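Comments concern the structure below.
Just so it is clear: chains get the letters A, B, ... in the order the sequence lines come, proteins before strands, and each one is counted from 1. Computed from a predicted model, the values in this text were never measured in an experiment.
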Amino acid sequence: MAGVLLGWYDRHARVLPWRAPPGRRMDPYRVWLSEIMLQQTTVATVGPYFQEFTRRWPTVTDLAAAELDDVLRAWAGLGYYARARNLHRCARVVATELGGSFPEDEAGLRQLPGIGAYTAAAVAAIAFDQPAAALDGNVERVLARIYAVADPLPQAKPALQALAAGLVPDQRPGDYTQALFDLGATICTPRKPRCMLCPWAQWCEARSLSIQEELPAKAAKAAKPLRRGVAFFVTDGTGSILLRRRAETGLLGGMMEVPSTGWGAEVPDLDAALAQAPVQAAWRLLPGIVRHTFTHFELELSVLAGRVPAAVPVPDGTWVAPDRLGGEALPTVMAKVVRHGLAHAT
DNA sequence: CAAGCGTGGAC
DNA sequence: TGTCCAAGCTT
């Protein structure tokens, strides 16, 4: 089966910025960087970020020498911000403790910050052509169908991992791994798989049972609770906007925010909200609400606008001119709040 | 070890 | 509008 897939890959491999042509190997730094960026993130989204990171930091040593804040700024908008902090930590370990070279085996890679079971196997296979079984969402879907594994994920994951390990060939395991990704991304898609084009169709149990679109089964997801809060859009006499750095860990850790009340189930009343205001001002409630969906809750923010005569100092705060917002470590939800404030308060 | 952790696009 | 999902990791 592996040989057939490799033959298909030789003819149909996707061309991607972090990928070498079939039969070649890519720089391990770029393989690693792309794998971190691609965690739970689409190829289309990652593209521009990968280009910018490799332009600014062509080697892992360059990335290690960067300031964490510059890395966070460059990562802004990509989400799952712990990845950026772990990326930077990992680069420093590789640069200072490993002489600038990544470990070539799965176990060594697995020790590094931000590298879990999947990424260790993927980098070992793709960058170093080791026969490691990388099990991601694509491979889970392909194998669940090929072997008609009906047990729901994530319970079925250990069984799929064993099946994956049994398929990895000794010849060209790196290309095989990438071929499996391409198969999942272009043929064995979540909806309406293109079985007529699949090089593995003759071995697919799910297809023979006509249940390919029902697999893989997944456990039901919990409903997302609604949280609400009030954000404070503050400008000074020059039009600069008050931003504040969030705590290093947890949600949006280390990123910048528009100061706000806590986010809870209840809408804070005006007095409770104002008690949490970062400065004293004559507040005006802006029309509309900023909505944002996170992984595990939905958020609705009302926005109070205030103006202060001069850029007074605020704990963890920074005053940023509107034309320099693009360079800040602003997560998307906060960029939405700023946009709302600029549209209604200025 | 279940829960916490972002975002944008497809349908 | 809602729902799913995309090359998962950490605690």
Describe the nucleic acid contact of R19(A) in one word from base, sugar-phosphate, nothing, applying a heavy-atom distance below 4.0 Å.
base

Other cluster members, V267(A) - Ile/Leu/Val/Met/Phe/Trp/Tyr, side-chain contacts below 4.5 Å:
none

For G253(A), which contact category applies under a 4.0 Å heavy-atom criterion: base, sugar-phosphate, or nothing?
nothing

Name the nucleic acid region contacted by I126(A), choosing base, sugar-phosphate or nothing; use a 4.0 angstrom heavy-atom cut-off, strictly under.
nothing

For atom CE of M37(A) and atom P of dC9(C), their distance in whole Å:
16 Å

Scan L16(A) against the nucleic acid and name what it touches under 4.0 Å (heavy atoms): base, sugar-phosphate only, or nothing.
base

How far, in whole Å, is dC5(C) from dC5(B) if one measures between their C1' atoms?
16 Å

From C-beta outward on K221(A), which listed nucleotide comes closest to its side chain: dT10(C), dC9(C), dC5(C)?
dC5(C)

Distance, C1' atom - from dC1(B) to dG8(C), rounded to whole angstrom
15 Å

Which nucleotide, dG8(B), dG6(B), dT10(C), lies nearest any side-chain atom of R110(A)?
dT10(C)

Touch class at under 4.0 angstrom, heavy-atom based, for V333(A) against every strand present
sugar-phosphate

dA3(B) P sits how many Å from Y80(A) OH, rounded?
15 Å

Note: for R141(A) and I115(A) on DNA chain C, the residue whose nearest nucleotide lies more 5' is R141(A)

Assert: residue with more 5' nearest nucleotide on DNA chain B, out of R191(A) and T293(A), is T293(A)

Sugar-phosphate only, base, or nothing, as touched by L78(A) at under 4.0 Å among non-hydrogen atoms:
base

From the set dT7(B), dC9(C), dC5(C), return the single nucleotide nearest to any side-chain atom of Q39(A).
dC9(C)

R83(A) has its side chain closest, among dC9(C), dG6(B), dT7(B), to dG6(B)

Can you confirm whether or not the ring centre of W283(A) sits under 6.0 Å from the ring centre of F232(A)?
yes

Are V338(A) and M255(A) in one and the same hydrophobic cluster, where Ile, Leu, Val, Met, Phe, Trp and Tyr link if side-chain heavy atoms are under 4.5 Å apart?
yes

From CD of E298(A) over to C1' of dT7(B), roughly how many Å is that when rounded to an integer?
14 Å

Side-chain donor-acceptor contact under 3.5 Å, Y118(A) with E35(A)
yes

Nearest listed nucleotide, side chain of P190(A), among dG8(C), dC5(C), dG6(B):
dC5(C)

Atom-to-atom span, NZ of K336(A) to P of dG8(B) - whole angstrom:
7 Å

Could you check whether R83(A) and N86(A), counting side-chain N and O atoms only, form a donor-acceptor pair closer than 3.5 Å?
no

What distance, rounded to whole Å, do you find between the two P atoms, one in dG8(B) and one in dC9(C)?
22 Å

Would you indicate what A117(A) reaches in the nucleic acid, counting non-hydrogen atoms under 4.0 angstrom: base, sugar-phosphate, or nothing?
sugar-phosphate

Any salt bridge linking R73(A) with E328(A)? Criterion: basic side-chain nitrogen under 4.0 Å from a carboxylate oxygen.
yes

What contact category does W32(A) fall into here, base, sugar-phosphate, or nothing, at under 4.0 angstrom with non-hydrogen atoms?
nothing

On DNA chain B, check which nucleotide each of T42(A) and H296(A) is closest to and give me the residue with the more 5' one.
H296(A)

Please determine whether any donor N or O and acceptor N or O are separated by less than 3.5 Å between the side chain of T41(A) and the base of dG6(B).
yes

Donor-acceptor pair under 3.5 Å, T295(A) side chain vs dG6(B) base
yes

